[in-house]
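What follows is one structure encoded as structure tokens, with my remarks underneath.
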Amino acid sequence: PAAMCAAAVADFADDYFQRDAADIQADFKRKQAKRENEGQLTTRAWKESHRGGEDADDVSVKLKPAVIRVRLPDGVLLQGEFMRREPVGAVREFVAAALREPFRQFSLSFLNQPLAEEDGGGGAAAAAAAA
């Protein structure tokens, strides 16, 4: 070749390719955090709000999500994270998507009080925050 690449002719010492304990621990923690984030059941809105990364100006990223747990009659426990201003309808859609028979009707309640669909101002998250 007419011109050699600088990386092709560079001579690196053997210790350049060896990783120390700090590198291995940092890589392990990064991969562990990635596995935990991918394993959580989250809503599309929450994923989209956190997909942007380091956007400190966005108020929705600064707020911590509310964790909503729904116990089904067969004993299955659904857990999802919802932003605090999401309506009850988002929780209803999340539960309906997880049902084996999505045509079945169900109701959501908190402390034996039914959650109304009209509760658009963060009723599900407000209920979770009160708990």
Side-chain angles (χ1 to χ4, degrees):
M4 292 291 289
C5 178
V9 296
D11 188 26
F12 294 107
D14 288 338
D15 63 339
Y16 178 81
F17 297 102
Q18 293 180 357
R19 298 169 61 187
D20 61 351
D23 291 339
I24 293 172
Q25 287 178 343
D27 191 37
F28 176 76
K29 287 182 180 181
R30 183 182 51 81
K31 288 181 180 182
Q32 184 179 23
K34 182 179 177 184
R35 276 193 308 270
E36 288 175 2
N37 286 338
E38 290 175 351
Q40 293 176 349
L41 294 175
T42 57
T43 63
R44 183 181 306 138
W46 189 84
K47 286 179 184 176
E48 289 173 357
S49 71
H50 283 71
R51 189 174 297 145
E54 300 295 324
D55 189 9
D57 295 334
D58 188 10
V59 176
S60 64
V61 174
K62 292 179 184 176
L63 297 176
K64 294 173 79 174
V67 177
I68 306 290
R69 291 183 178 170
V70 179
R71 185 173 305 279
L72 300 177
D74 59 354
V76 174
L77 181 68
L78 293 176
Q79 179 174 325
E81 293 183 349
F82 296 86
M83 295 309 295
R84 301 213 181 259
R85 296 288 179 184
E86 285 190 66
V88 175
V91 179
R92 185 175 300 282
E93 290 174 13
F94 174 72
V95 173
L99 293 176
R100 286 186 218 146
E101 300 169 342
F103 58 87
R104 296 244 183 218
Q105 292 187 355
F106 61 91
S107 63
L108 298 173
S109 62
F110 178 70
L111 297 176
N112 294 327
Q113 299 293 326
L115 296 176
E117 280 296 322
E118 298 83 31
D119 196 8

Side-chain donor-acceptor pairs under 3.5 Å in residues 17-28, sequence neighbours left out?
residue : atom : partner : partner atom : Å
Arg19   : NH2  : Asp27   : OD2          : 3.2
Asp20   : OD1  : Asp23   : N            : 3.1
Asp27   : OD1  : Arg30   : NH2          : 2.3

From CA spacing to verdict: side chain to side chain contact (heavy atoms under 4.5 Å, CB included), Leu99, Leu72: CA-CA 9 Å; Leu99 293 176; Leu72 300 177; 4.1 Å; yes
Arg71: salt bridge (charged side-chain N to carboxylate O under 4.0 Å, His left out) partners, not counting sequence neighbours: none
Partners meeting side chain to side chain donor-acceptor pair (under 3.5 Å) with Gln32 (sequence neighbours left out): none
Least distance between heavy atoms, Arg84 atom then Ala66 atom: NH1-CB, 3.8 Å
Reported CG-to-CD1 distance for the pair Leu78 and Ile68, which is rounded to 0.5 angstrom: 12.0 Å
Check: residues 105-115 side-chain donor-acceptor pairs under 3.5 Å, at least two apart:
none

Point-to-point distance, once rounded to the nearest 0.5 Å, from CD of Glu86 to CD of Glu93: 9.5 Å
